[in-house]
A.B. asks: 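Okay, handing you the structure first.
Below, all heavy atoms of this structure are taken into account, side chains as well, without hydrogens, waters or symmetry copies. Numbered from 1 within each chain, the chains take letters A, B, ... in sequence-line order. Everything numeric in this text was worked out from a predicted model, so none of it was measured.
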Amino acid sequence: MADDHGDTAGSKAAGKDVAQHSAPAYDAGTAVVASEEVPNPGFPPYRPRVTDLDPKVDKQQERRVSALFFVSIIGSVLAVAAYIVFPIIPGDMDSVRNNTLFLGLGITLGLLGIGIGAVHWSKALMEGHDLVEQRHSTRGSEETRAKALEVFTLGNKESGFGRRTMLRNTLIGALVVTPLPAIVLFRDLAPADDPVKLLKHTFWEPGMRLTRDPSGTPIKASDLTLGSAFQVIPDGINDSEHRIEEKAKAAVLLVRLKPEELEISEGRENWSYDGIVAYSKICTHVGCPVALYEQQTHHLLCPCHQSQFDIKREAAVIFGPAKRPLPQLPISVDSEGYLIATSDFMEPIGPSFWERQL
Amino acid sequence: MTTTQTPDAQSKSRGQRFTSAAANYIDERTSISGLVKEVGRKIFPDHWSFMLGEVALYSFIVILLSGTFLTFFFQASMVEVHYDGSYAPLKGIEMSAAMASTLDISFDIRGGLLMRQVHHWAALLFVASIGLHMLRVYFTGAFRKPREINWFIGFVLFILAMAEGFTGYSLPDDLLSGNGLRIIDGMVKGIPVIGTWISYLLFGGEFPGVDIVSRLYILHIMLLPAIIIAALGVHMLLLVINKHTQFAGPGHTNDNVVGSPVMPGFAAKAGGFFFIVFGVITLIASTFSINPVWVYGPYDPSLFQQVLNLTGTSDSPTAPCDLFRPGGRPNGSVSPGRSTSLRRW
Ligand code: HEM
Ligand code: FES
């Protein structure tokens, strides 16, 4: 308000402002109250457009809009033509490209012609004066509200909903219970087995050979040169009934380091073979395949959320959202020199779940 | 010919007579004149930022149209098939019927790739414009009384839009879909107490199972769109009841709305704008490829390739801006997923 600046001119008016100030006309919820409010100057005079003044321009704009609509017609016709002129020739990728491109461009013209034309019509030629409408409070008028209240009161009285409490409460009880069968009905979305048991086991068994993903050929310890990495699946998984489900749990990464580079904890001494170690490929964060191997530092990186695991330290998490190391698969070699698992994983692989004890 | 109607009937052209007869026919059966009188000249204030919500609405309509086209060809099934379509690099590869039909839409149906790309680009524009629209509402304070309920409905719409996006992204059952689903599976399993069971029921057994695509499909094309349409209806109704907010300006007060009336100015502008949004989406979809599933290959739980290629070498065919190759880059550089799945750098 003006008097905040100590303006003494017209102090009477200023005094009035102060008086108003004590009872502000703002909502209690208004966070910032402008202290130097400018009085509303009212509507500015209408500034006529060229089309309002010059009938020639008006005519010219009219022709322009109509030309745009005409372009639209041409575009749509071209689209139909493109559908026929640019067929898809099986195996020819350029024909797919041309079909997509020219059909699309035709439709684009058809649409943009209408769109730009209509908007231009509205802006340049339609009556341009701003109009004013009054707002009314969203709240119903007192009279309406009283009537509505009466409806409820009558409803309550005539039904006895409020008075016959036993009736009402048993009805509410019944309504609450009726959805129960609907919930039960969804039980058979999944088979009867206990998911927890399934999650704790994978396809791996003692003595099962490690094979290449996806060919399924077995791997000799001598196939792995120092620093190399293999993607591994259990022998026979490709022929199993639930190939993808099994692979989603059993996929393994095989890496060879110098044996002295590995920090092996107690109890895991014979889980590796001559510097060859196998770890679950399923990220312990939310289950993506840990697909990137950094050869120099022996770090594994999960591309989903950048968790990193250090192979030298039994796949300990060194970065990212994963909480647990990748489970290790104990391995050895059989009499023919092929790598084999000596057991299943010792803990559930992949992301955490409620029943997992660890 | 001597009734009072005569001069009227004579002065009207045939078109006018037809229009008034039609209007009369409808009104006598619907009393729609009341509605027209109420809303036909409602005032809508004008500001460019008020357009963001419109963009969201129009891209949703584009999604409905393109999505309906896709349903005529898409097969929401995870039955294993050997791909036998015209995309040579994947011939004979085992994949789900969902993935195979997505490839057929892309490579064997005229305009199919265009419609897939329209659908996908419109989906992105939909979510992006909702986000900007929310920012506009937030920073202009338009969420305050009496509009809190509309803010809430808008928020629900935002969540539903993302749910639609996620379920749609999962449908083609390609490598990206599968990895997305795997992440969802991991997140669901992380829910305390019931997580394991929810995941188990959702996937119909162990991940990934053979049910998830058809289950997400019914959510994607029926349940979620129905809820979105209903919520949009309430959103619009409340907008009309509460009237649009406006910026301060000469002549604008708290008690009025200044702008152009629905009929004809606003209707022409908004209707025209729908065609512009549709046209721009089509233009993008016909020149820029998106989600080239044939590059990713079918889902394999131990693969995450072609998506993040830190080496930046030439075998990354996902370049998103194939301006002159809207069919992706289908020449030889595609390996449906083997050799490079384990990257070293
Ligand atoms: C807000 C709503 C929607 C969003 C955000 C959305 C998003 C998506 C996305 C991102 C895809 C993957 C597309 C691809 O690249 O192949 C998709 C696929 C699909 N959508 Fe939608 N969609 C929505 C609504 C609808 C509706 C209403 C329908 C049907 C009436 C529909 C039908 C389909 C079909 C059939 C597919 C599979 C097509 C294919 O894989 O080729 N969508 N959706
Ligand atoms: S799934 Fe590996 S980091 Fe998230």
Side-chain angles (χ1 to χ4, degrees), chain A residues 40-44 83 87-88 90-91 93 96-97 99-101 103-105 107-108 111-112 114-116 118-119 121-122 126 130-135 138 186 189-191 195-196 198 213 229 231 244-245 247-248 251 281 286-289 291-295 303-304 351-355, chain B residues 43 86 88 107-108 110-111 113-114 146 179 182-183 185-187 189-190 192-193 195-196 200-201 204-208 241-243 250-251 253 255-259 261 264-265 268-269 271-273 275-276 278-279 282-283 285-286 301-304 308 325-327 330 341-345:
Chain A
N40 195 327
F43 292 106
Y83 188 87
I88 291 181
M93 290 304 131
V96 175
R97 188 227 8 231
N99 181 268
T100 307
L101 184 61
L103 185 60
L105 291 181
I107 297 176
T108 303
L111 295 167
L112 287 184
I114 298 181
I116 299 174
V119 171
W121 181 354
S122 147
M126 283 184 193
D130 268 346
L131 298 181
V132 185
E133 193 184 2
Q134 293 309 304
R135 287 178 195 276
T138 304
F186 283 102
L189 277 176
V196 179
L198 299 171
D213 181 16
Q231 298 189 73
I244 296 186
E245 289 73 22
K247 191 170 177 182
K281 204 184 172 187
V286 283
C288 280
L292 298 155
Y293 177 47
E294 220 263 16
Q295 214 172 359
C304 282
S352 304
F353 50 94
W354 183 255
E355 296 86 348
Chain B
I43 302 301
S86 57
F107 294 122
D108 294 280
R110 276 177 283 179
L113 181 61
L114 180 68
N179 278 314
R182 180 119 217 199
I183 291 176
D185 171 57
M187 285 161 55
K189 283 199 177 112
V193 187
T196 313
Y200 192 60
L201 293 172
E206 285 199 275
F207 173 87
I241 289 175
N242 285 319
K243 295 205 170 73
T253 70
D255 302 316
N256 71 7
V257 201
V258 183
K269 244 186 264 179
F273 191 55
F275 284 93
I276 293 181
F278 201 165
T282 312
L283 182 64
S286 43
S302 77
L303 292 182
F304 195 100
L308 186 81
R325 280 204 166 272
S341 55
L342 183 68
R343 289 187 185 285
R344 293 168 224 159
W345 77 94

A.B. asks: With chain A as the partner, which of B/Asp185, B/Val258, B/Thr253 has the greatest number of non-hydrogen pairs under 4.5 Å?
C.D. replies: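 Most pairs with chain A among the choices: B/Val258.
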
A.B. asks: Could you tell me which non-hydrogen atom of A/Ala291 sits nearest to which non-hydrogen atom of B/Phe304, and how far apart they are?
C.D. replies: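 Taking every non-hydrogen atom into account, CB-CB, 4.0 Å.
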
A.B. asks: Evaluate the side-chain proximity of B/Val257 to A/Val132: yes if any heavy-atom separation is below 4.5 Å, no if none is.
C.D. replies: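 Not in contact.
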
A.B. asks: Roughly how far, to the nearest 0.5 Å, is the CZ atom of A/Arg135 from the CG atom of B/Asn256?
C.D. replies: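 That separation rounds to 7.0 Å.
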
A.B. asks: For chain A, which of B/Gly259, B/Gly111, B/Pro208, B/Pro261 has the most heavy-atom pairs under 4.5 Å?
C.D. replies: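 It is B/Gly259.
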
A.B. asks: A/Lys247 and B/Ser302: which non-hydrogen atoms are nearest, and at how many Å?
C.D. replies: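 Of all heavy-atom pairs spanning A/Lys247 and B/Ser302, the closest is CE-OG, 3.5 Å.
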
A.B. asks: Go through B/Gly190, B/Ala88, B/Gly205 and name the one with the most non-hydrogen pairs under 4.5 angstrom from chain A.
C.D. replies: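 With the most close heavy-atom pairs to chain A, the winner is B/Gly205.
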
A.B. asks: Do A/Ile88 and B/Asp108 have side chains that approach each other closer than 4.5 Å (heavy atoms only, starting at C-beta)?
C.D. replies: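 Not in contact.
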
A.B. asks: Taking the side chain as everything from C-beta on, heavy atoms only, tell me whether B/Ile183 gets closer than 4.5 Å to A/Cys288.
C.D. replies: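 Heavy-atom side-chain distance check passes, below 4.5 Å.
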
A.B. asks: Measure the spacing between CG of B/Leu114 and CG of A/Asn99 and express it to the nearest 0.5 Å.
C.D. replies: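 The distance works out to 8.0 Å.
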
A.B. asks: Would a 4.5 Å heavy-atom cut-off, applied to side chains only, mark B/Leu201 and A/Pro195 as touching?
C.D. replies: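 Side-chain contact under 4.5 Å: no.
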
A.B. asks: Checking heavy atoms, do the side chain of B/Pro264, its backbone, both or neither come under 4.5 Å from chain A?
C.D. replies: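 Contact with chain A is through both the backbone and side chain of B/Pro264.
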
A.B. asks: Could you check which of A/Ala251, A/Pro351, A/Ser122 has the highest count of heavy-atom pairs closer than 4.5 Å to chain B?
C.D. replies: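 Highest number of heavy-atom pairs under 4.5 Å: A/Ser122.
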
A.B. asks: What's the shortest heavy-atom distance between B/Phe107 and A/Val96, and which atoms?
C.D. replies: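 B/Phe107 and A/Val96 have their closest heavy atoms at CD2-CG2, 3.9 Å.
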
A.B. asks: With only heavy atoms counted, which part of A/Pro90 is less than 4.5 Å from chain B, the side chain, the backbone, both or neither?
C.D. replies: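 When you check distances to chain B, atoms from both the backbone and side chain of A/Pro90 fall under 4.5 Å.
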
A.B. asks: On a heavy-atom basis, which atom in B/Ile43 and which in A/Glu133 lie closest, and how many Å separate them?
C.D. replies: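 Result for this residue pair: N-OE1, 2.9 Å.
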
A.B. asks: Between A/Trp354 and B/Val193, what is the shortest heavy-atom contact and its length?
C.D. replies: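 That would be CD2-N, 3.1 Å.
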
A.B. asks: For the candidates A/Leu105, A/Ile107, A/Leu131, which exhibits the highest count of non-hydrogen atom pairs separated by less than 4.5 Å from chain B?
C.D. replies: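 Option with the top pair count is A/Leu131.
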
A.B. asks: What is the minimum heavy-atom distance between A/Asn40 and B/Gly251, and which atoms define it?
C.D. replies: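 Shortest heavy-atom separation between A/Asn40 and B/Gly251 comes out as OD1-N, 2.9 Å.
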
A.B. asks: Using atom types as modelled and distance alone, determine if a side-chain donor or acceptor of B/Arg182 lies under 3.5 Å from a backbone N or O of A/Ala248.
C.D. replies: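 Pair found, side chain donor or acceptor close to backbone of A/Ala248.
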
A.B. asks: Which value, rounded to the nearest 0.5 Å, describes the distance between A/Thr108 atom OG1 and B/Leu283 atom CG?
C.D. replies: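 If I round to the nearest 0.5 Å, the distance is 5.0 Å.
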
A.B. asks: Hey, are the side chains of B/Ser286 and A/Leu103 touching, using non-hydrogen atoms and a 4.5 Å cut-off?
C.D. replies: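 B/Ser286 vs A/Leu103: side chains apart.
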
